[in-house]
Amino acid sequence: QVQLVESGGGLVQAGESLRLSCAASGSIFSINVMGWYRQAPGKQRELVALITSGGSTSYADSVKGRFTISRDNAEKTVHLQMNGLKPEDTAVYYCNARGVLTLLRRKGDYWGQGTQVTVSS
């Protein structure tokens, strides 16, 4: 059983920073891609940032230059440093792990339960 647990959400004012963390647990051998998605009320879930096991990153245009994604392969964690937050960043942020290979050689994709980020103006 693979689980992703997020932490670090909260309420901040515009311009402030937050750091989200996600820890993967279970009988995991490796994780190909880890990323963060977000979903605002009435909107579709969208990609925020992702990082491969080799360290290659990709960001949504709306967060480039403000957000930084990082991961620790040994600890099976991924982090999202969010600086210069704006009210439009308000959403539930979800951790995603893609191409998770378990010790039983099963492959799958997993989601965390989500953490709320609210940015007031």
Side-chain angles (χ1 to χ4, degrees):
Q1 184 77 5
V2 174
Q3 286 188 320
L4 302 179
V5 178
E6 301 111 332
S7 60
L11 171 63
V12 297
Q13 292 189 334
E16 294 184 340
S17 299
L18 277 176
R19 179 177 170 86
L20 304 182
S21 295
C22 172
S25 63
S27 301
I28 299 171
F29 178 75
S30 64
I31 303 175
N32 185 16
V33 179
M34 300 189 79
W36 291 93
Y37 290 71
R38 66 186 181 188
Q39 188 167 18
K43 294 189 176 181
Q44 288 189 330
R45 191 173 296 189
E46 63 176 3
L47 172 69
V48 176
L50 56 83
I51 184 168
T52 69
S53 56
S56 297
T57 59
S58 179
Y59 296 91
D61 287 343
S62 59
V63 306
K64 281 180 182 176
R66 300 188 297 124
F67 292 10
T68 302
I69 190 170
S70 60
R71 71 185 277 181
D72 184 323
N73 289 329
E75 296 294 326
K76 301 182 184 63
T77 57
V78 63
H79 308 280
L80 186 67
Q81 178 66 42
M82 304 185 294
N83 299 330
L85 282 161
K86 304 175 181 179
E88 50 264 44
D89 294 319
T90 295
V92 177
Y93 284 70
Y94 296 90
C95 177
N96 172 256
R98 192 190 316 166
V100 178
L101 185 63
T102 68
L103 297 178
L104 295 178
R105 290 298 187 259
R106 292 176 182 166
K107 213 163 190 178
D109 300 339
Y110 298 88
W111 291 92
Q113 81 286 353
T115 185
Q116 177 69 46
V117 172
T118 303
V119 184
S120 63
S121 56

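Remark: side-chain polar atoms of N96 are not paired, donor with acceptor, to backbone N or O of G112 under 3.5 angstrom. When atom types are taken as modelled, the side chain of R98 and the backbone of V33 share no donor-acceptor pair closer than 3.5 angstrom. A donor-acceptor pair is defined here as one N or O able to donate and one able to accept, closer than 3.5 Å; no such pair exists between the side chain of Q39 and the backbone of A91.
Atom SG of C95 and atom CD of Q3 lie 12.0 Å apart (nearest 0.5 Å). To the nearest 0.5 Å, the span separating CD on E6 from SG on C22 amounts to 5.5 Å. Summarising the geometry, atom NZ belonging to K86 is positioned 13.5 Å from atom OG belonging to S121; distances are rounded to the nearest 0.5 Å. With values rounded to the nearest 0.5 angstrom, T118 atom OG1 is found 6.0 Å from L11 atom CG.
Linking Ile, Leu, Val, Met, Phe, Trp and Tyr whenever their side-chain heavy atoms come within less than 4.5 Å leaves Y94 and V5 in two separate clusters.
The shortest non-hydrogen separation linking Q81 to S17 is NE2-CB, 3.9 Å.
Partners of N32 by side chain to side chain contact (heavy atoms under 4.5 Å, CB included), not counting sequence neighbours, listed by chain and number: S53. Contacts of S7 classified as side chain to side chain contact (heavy atoms under 4.5 Å, CB included), with partners at least two apart in sequence or in another chain: S21. Residues meeting the side chain to side chain contact (heavy atoms under 4.5 Å, CB included) test with S58, sequence neighbours left out: L50.
No more than 12 heavy-atom neighbours from other residues, nucleotides or ligands sit within 6.0 angstrom of CZ on R106.
Under a 4.5 Å side-chain heavy-atom criterion applied to ILVMFWY residues, the cluster that includes V48 comprises V2, L4, V12, L18, L20, I28, I31, M34, W36, I51, Y59, V63, F67, I69, V78, L80, M82, L85, Y93, V100, Y110, V117, V119 as well. Grouping Ile, Leu, Val, Met, Phe, Trp and Tyr by side-chain contacts under 4.5 Å, direct or through others, puts L101 with F29, L103.
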CA sep, side-chain torsions, deciding dist, call: Q116, T90, side-chain contact (heavy atoms from CB on, under 4.5 Å): CA-CA 8 Å; Q116 177 69 46; T90 295; 4.0 Å; yes
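Salt-bridge formation is detected for the pair D61/K64: a Lys NZ or Arg NE/NH1/NH2 atom is positioned less than 4.0 Å from an Asp or Glu carboxylate oxygen.
Listed by first and then second residue, the side-chain hydrogen bond (donor to acceptor under 3.5 Å, both in side chains) pairs involving residues 40-51 are R38-E46 (not counting sequence neighbours).
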